[in-house]
Number of protein chains: 2
Amino acid sequence: MTVDGRVARGDRTRTAALDAAVVLATEAGLHGLSLAQLADTLGVSKSGLFAHWRSKEALQLAAIDRAVEQWRERIVAPALHAPRGVRRLLALHEARIDFYAARVLPGGCFFANTQFEYNARPGPVRERLADAFARWTAFLEELVQQAVDAGELAADTDVAQLAYEIDALGMSAAMHSRLLDPDAAYRHARHGLLIRLRALCPDPTLLPEGPS
Amino acid sequence: MTVDGRVARGDRTRTAALDAAVVLATEAGLHGLSLAQLADTLGVSKSGLFAHWRSKEALQLAAIDRAVEQWRERIVAPALHAPRGVRRLLALHEARIDFYAARVLPGGCFFANTQFEYNARPGPVRERLADAFARWTAFLEELVQQAVDAGELAADTDVAQLAYEIDALGMSAAMHSRLLDPDAAYRHARHGLLIRLRALCPDPTLLPEGPS
DNA sequence: GAAAGAAGCACGACCGGTCGTATAGTTTTC
DNA sequence: GAAAACTATACGACCGGTCGTGCTTCTTTC
């Protein structure tokens, strides 16, 4: 493991570039991402970026993968400490909207922003975004199914339906994070899921009390 | 009608330009909107646009206003034919997600796309978008309040909460309209509201039956 | 073990193209 | 003929991308 070796230096540049690209793309979009601005942010030359990725599109795809990693680290992983079932579901939802309310990324949500941006832009980038979103949806459904299997949600729960609603509540919070009142959005997004879970969960002690 | 043919000609160009701008901005975003592409679409010269709007930003603001008008004409107005209360609420929601499912605009939803695009772009354009969204939210709350006042929803209904959830369900459908399965999104968005209304509405005959 | 070559990395200069914008002149319409 | 509507042209800035070059590190060879 060479610390200052030739390869290690390149790796450092690559990861730093992708981290910065995620931040910039969250603000300006993946299509609107400027390689010149990215290079300036990193303090490197623009042409040097092409030594690591053969085109802007290749960098965009790598940035999406990096954003998925960050999502797993910052949102999914902490929520997995909660016990399997509705509590884990709620923990994941809260971790997500908390991420927006805390304004970790200056531009809101990387995925929401870019997915809307590429709604009418067919191509490899949109496909990669769609893949990431499909995996996220599948993960949500898996968590819902676990809650059903554990008997914490009604057996006839519409898994896909509930997963859709959870994602919708969170995505809306991402939009409010800068355009309108983010605190109200956080409350509504959180309360919205609590209402749904209370109607489906036979054991009320599993969920926090109160309207908030 | 046309007192001066010159002015009428200019008006025609203006409205045609704004209509085209809404379509193009829905696909490429308001920031990503290209005046050259807009001029080509209209069959006019790019510089001629500056005779009607002093800058791109002025045109962007005008396009937002035009999009609001279209929203009123295409979605709000038809829904107002439904009787006041939960049926009007449901009609508005269905008109909206139907608009996405029918893919009237090639890029999905003008407002959802541009609002996410301007999440991290402060300035007059974002303020205008925020104003439009605030008015839309207020209108949704007004319709919910009407349903409560008519006794069609429980008296202790959280109006702002329900309005938030309705918008979230619709916005999520807008994203799915091109990225993933739009039909499933339509069903989930519609069913999501039905579930919530059934829990709040003491008179089940006001709502359609069945799971779909 | 040292010299020599290969490979990874980063740089500055530059290309063609597109962006929003300004100016001057032309066509259309009364 | 006057005024509104429109076009042609040009501009400076920025875009993604290429090329040639030099520096550092790893690998091969003697």
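All values derive from a computational prediction rather than experimental measurement. FYI, side chains are in, hydrogens and waters are out, and symmetry mates aren't considered; it's all heavy atoms of this structure. All chains are named by letter (A, B, ...) in the order of the sequence lines, taking the proteins before the strands, and each is independently numbered beginning at 1.
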Donor-acceptor pair between A:Asp149 and A:Gln145 side chains, under 3.5 angstrom: yes

Under 3.5 Å side-chain donor-acceptor pair for B:Glu27 and B:Asn113: no

In terms of side-chain geometry, is the basic nitrogen of [X] or [Y] positioned less than 4.0 Å from the acidic oxygen of its partner?
X	Y	answer
B:Arg96	B:Asp167	yes
B:Arg72	B:Glu69	no
A:Asp131	A:Arg128	no

Provide, to the nearest angstrom, the distance between the [atom1] atom belonging to [X] and the [atom2] atom belonging to [N].
X	N	atom1	atom2	answer
B:Leu42	D:dC6	CG	P	10 Å
A:Leu49	C:dG8	CG	C1'	15 Å
B:Asp11	C:dT29	CG	C1'	15 Å

Partners passing side-chain contact (heavy atoms from CB on, under 4.5 Å) against A:Gln161 (at least two apart in sequence or in another chain): A:Asp158, A:Glu165, A:Arg196, B:His188, B:His191, B:Ile195

Set of side-chain contact (heavy atoms from CB on, under 4.5 Å) partners for A:Ala62, sequence neighbours left out: A:Leu18, A:Trp53

Per-nucleotide protein contact string for nucleotides 12-18 of chain D, where B marks a base within reach and S marks sugar-phosphate only (heavy atoms under 4.0 Å, - for neither): ---SBBB

Verify the contact: side-chain N or O of [X] to OP1 or OP2 of [N], cut-off strictly under 4.0 Å; return yes or no.
X	N	result
B:Thr13	D:dA5	no
A:Arg12	C:dC9	no
B:His52	D:dC6	yes

B:Thr26 vs B:Cys109 side-chain heavy atoms within contact, under 4.5 Å: no

Considering all heavy atoms, the nearest A:Leu92-A:Phe139 contact: CD2-CE2, 3.8 Å

Nearest heavy-atom neighbours spanning A:Ser172 and B:Ala168: CB-CB, 3.5 Å

Those residues of residues 116-127 of chain B lying under 4.0 Å from DNA chain D by at least one heavy atom: none

Pairing residues for B:Phe99 by the ring pair (Phe, Tyr, Trp, His ring centres under 6.0 Å) criterion, not counting sequence neighbours: none

End axis versus end axis in the helix from C:dG1-D:dC30 to C:dC30-D:dG1, the angle rounded to 10°, five pairs used at each terminus: 20°

